[in-house]
Amino acid sequence: MSFQPFKTLTSQTLVLATQNIDTDQIIPARFLTTTSREGLGKLAFNDWRYDEMGNENDHPLNGGAAKACQILVAGHNFGCGSSREHAPWALMDYGFRAVISSEIADIFHANSLKNGFLPIVIEASAHEWLLDNPGVDVTIDLETCEVRLPASSGANNGGTYPFKIDPFSRQCLMQGQDELDYLLGQDAEINAHEASFNKAAS
Amino acid sequence: MPKSLFDKVWERHVVSAETREQPATLFIDLHLIHEVTTPQAFTVLKQREMKVRRPDLTLATIDHSTPTLLNDDGSRPYVSEQAEQQVDLLLANTKEHGITTHGWDSPYRGIVHVMGPELGATWPGMTIVCGDSHTATHGAFGALAFGIGTTQVGHVLASQCILMRKPKSMCVHVDGELADGVSAKDVILAIIAKVGVGGGTGHVIEYRGTCFENMNMSERMTVCNMSIEAGARAGMIAPDATTVAYFKGKPMAPNMAPAEFDEAKADWLSLASDADCSYDKEVHLTAADIKPMVTYGTHPGMAMPIDGLVPAKNDPSDAKALAYMDMQAGAAIACTKVDTVFIGSCTNSRIEDFRVAAKILDGQSVADSITAVFVPGSEQVKIEAEAEGLHEIFRAAGAQWREPGCSMCIGMNGDIGKPGDLIVSTSNRNFEGRQGPGVRTVLASPATAAASAITGVITDARTLSQTMPRSAI
């Protein structure tokens, strides 16, 4: 599946400072009976956002301003738990295009990159500043692999922090390219591996 | 250069090597699939008009969304129409693509990570993936097994490969003998408490030491199963004589003449890590120090000895977790009131787990205030337990004995608690709402769960006779 290419993004942040936000918080398991990947945004953080009657409560995710935030800033070890790709699907359908944390769980990280949702791990000092200052404008630049905080952050380097991303994933994100096409292009190599395996097993 | 078990298995499966610009292409020997994380992947195949490349290396079952009770007329009370449609869709997709499926009529249907090893489908040295984070279970056999998302399920269906950079390695050493009444579940909870819920992120764990060498395969699976709860994608234990012996009589064990099986066996044993191999990270625990463990918070790293006091940490996330759990820092966790006891899940639903529970419950009664839900991990576990009469012990004690499935581990099939309920659960996750909105989960071993079912409070099975004299039960 191809997706919208990602080059730079400037947006207000929404902060969820809790550490170890797991995939059951991002989208509870009882919603996983869906056979589609569409329309999961209204279920994002469902058990935090709605009261027992299903009405929106006063959680920051329900504010009018929240819906305009495309960058989520989350506490340490975001996305731990299950392999459900419904988690990045729900975050994207809600309106987020990136998450910034000081640590992001492996499977969630991999799933995000495959959907054009950018998981960014930045150094602790910048992460702490972002947690303490919700709603600021932040720029994520995938060309230079930098996060730019506002000048008001008083940070070193003019508020610019590098982040690491796998070069292959970066290329796929910037071109909106699907990894499956790349894999299918390796048909000859896969055939060769299968042939050698069969030979060893016979 | 000396190699680890992980290095050896990884190298055998590299189709094209990792470079700075591109990840490795890794061949997958076994792709396990179930109803929840595959529908959108089959949709992609359909859109591209593609077939499954290797249906012979793909194995399906239904477990997550399936009801564990039957209606009086034999029909199945699905939690929703959507859940039933999801199960039906898996059965239709696998039929269309010629994938072997253990559905309703198979004597091998079960939780995917219980079923695979039982069939003998999980072999040492394999690469195994599944759209489920507890795929690490299969690492107990010396396979490299990990969970993937639905996009990668699609990749494997289409190409039998995934793109991946080689993770770092981590070794968890546990040496010595466990004290009486301490189980594999307690070992892995103690490891997660030490390493931290994100301590293994980016790593594949190898479990080494006499503690694991002394374990049977069921216990090793319990350990490897929860690797993801320490953040590690996979956990592995080197194949040994215990591993080899497990394959006797398994329907999908290597179909070989005895001499060829000896050859396979020699190959499996050669996978063990070289003596002087190195790891990116190493952790040591002493088996004798490990006590029965329970969780007190809202992730598996918040685990503590059952005879201890709930730790006091000056951290807002911990405070939030304690508030959700209605636990007090500095208080004893033993004797906390329990509402439900669940024995099941891919962590602890094998025959050995139910034997432990039956030993404790034999001739006893579940407390009046407790709902005890026991769910075998597979049809095979159910058949075996019933042949041993375990179900009669459970029923006589007042516990429910249900149909196989994921059940209360994931709370998406109708098996959930009520808001505020405390569930002592042998499953793997105590996240907020995991077993139903507002439900509080305490992870524990089958022994602790069974003991707590009798007393109605969190109970160390070793102290059962002191806590609640037999005559008083």
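So that the names make sense, note that chain A is the first sequence line, chain B the second, and so on, each numbered from 1. Note that the structure is predicted; figures quoted are calculated from it, not measured.
Note on B/Gln85, B/Arg20, B/His64: by heavy-atom pairs under 4.5 Å with chain A, the leading option is B/Arg20. Ranked by non-hydrogen atom pairs under 4.5 Å with chain A, the options B/Arg434, B/Arg429, B/Glu229, B/Glu21 are led by B/Arg429. Most heavy-atom pairs under 4.5 Å with chain A: of the set B/Glu432, B/Arg53, B/Met50, B/His134, this distinction falls to B/Arg53. With respect to chain B, the highest number of heavy-atom pairs below 4.5 Å among A/Gln19, A/Gln171, A/Arg84 belongs to A/Gln19. Interface check for chain B: of the options A/Leu32, A/Asn111, A/Asn46, the most heavy-atom pairs under 4.5 Å are formed by A/Leu32. Your options are A/Asn77, A/Ile190, A/Thr18, and the one with the most heavy-atom pairs under 4.5 Å with chain B is A/Ile190. Contacts with chain A were tallied for B/Gly231, B/Gly411, B/Cys161; B/Cys161 has the most, counting heavy-atom pairs under 4.5 Å. Interface summary for chain A: among B/Thr135, B/Ile410, B/Leu163, the most heavy-atom pairs under 4.5 angstrom belong to B/Leu163. Ranked by non-hydrogen atom pairs under 4.5 Å with chain A, the options B/Pro254, B/Ser80, B/Gly154, B/Gly202 are led by B/Gly202.
Judged purely by distance below 3.5 Å, without hydrogens or angles, the side chains of B/Ser16 and A/Gln186 pair a donor atom with an acceptor atom. Side-chain contact annotation: A/Glu38 with A/Ser36, donor-acceptor N/O pair under 3.5 Å absent.
Looking at B/His299, only its side chain comes within 4.5 Å of chain A, counting heavy atoms on both sides. Residue B/Asn428: no heavy atom, backbone or side chain, is found under 4.5 Å from chain A. Within the 4.5 angstrom heavy-atom criterion, no atom of B/Met164 approaches chain A. With a 4.5 angstrom heavy-atom cutoff, A/Thr35 touches chain B via backbone and side-chain atoms both. Both the backbone and the side chain of A/Thr34 come within contact range of chain B, with heavy atoms under 4.5 Å apart. Using a 4.5 Å cut-off between heavy atoms, B/Val14 touches chain A through its backbone atoms (N, CA, C, O) alone. For B/Ser65, the part lying under 4.5 angstrom from a heavy atom of chain A is the side chain only. Using a 4.5 Å cut-off between heavy atoms, A/His86 contacts chain B through its side chain alone, with no backbone atom that close. For B/Asp315, the part lying near chain A is the side chain, with the backbone staying farther off; criterion is any non-hydrogen pair under 4.5 Å. Residue contact with chain A, scored on non-hydrogen atoms closer than 4.5 Å, involves the backbone of B/Ile148 exclusively. In this structure, chain B has a heavy atom under 4.5 Å from the side chain of A/Leu184, while its backbone stays farther away.
Contact record, B/Ala158 with A/Leu180: CB-CD1, 3.9 Å, taken as the closest heavy-atom pair. Residue B/His31 comes nearest to B/Val156 through the heavy atom pair ND1-CG1, 3.4 Å, listed as atom of the first residue, atom of the second, then distance.
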**Report entry** From CA spacing to verdict: side-chain hydrogen bond (donor to acceptor under 3.5 Å, both in side chains), B/Thr150, B/Gln40
**Finding:** CA-CA 7 Å; B/Thr150 298; B/Gln40 299 87 347; 4.5 Å; no

Query - B/Lys46 vs B/Thr43, side-chain contact (heavy atoms from CB on, under 4.5 Å): CA-CA, chis, key distance, verdict - result: CA-CA 5 Å; B/Lys46 196 168 208 164; B/Thr43 301; 5.5 Å; no

Query raised in the report: Under the side-chain contact (heavy atoms from CB on, under 4.5 Å) criterion, do B/Gln86 and B/Gln82 qualify, and how do the steps go?
Result: CA-CA 6 Å; B/Gln86 189 180 53; B/Gln82 198 179 46; 5.9 Å; no

Requested in this report: Give the intermediate values and the outcome of side-chain hydrogen bond (donor to acceptor under 3.5 Å, both in side chains) for residues A/Ser83 and B/Ser133.
Outcome: CA-CA 5 Å; A/Ser83 63; B/Ser133 60; 5.1 Å; no

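Under a 3.5 Å cut-off, the side chain of A/Ser101 and the backbone N or O of A/Glu103 do form a donor-acceptor pair. Put simply, the side chain of A/Asn57 never gets that close to the backbone of A/Asp51: no donor and acceptor are under 3.5 Å apart. Formation of a donor-acceptor pair under 3.5 Å by the A/Asp22 side chain with backbone atoms of A/Cys80 is not found in this model.
Under the 6.0 Å cut-off for aromatic ring centres, A/Phe168 and A/Tyr182 qualify, their centroids lying closer than that.
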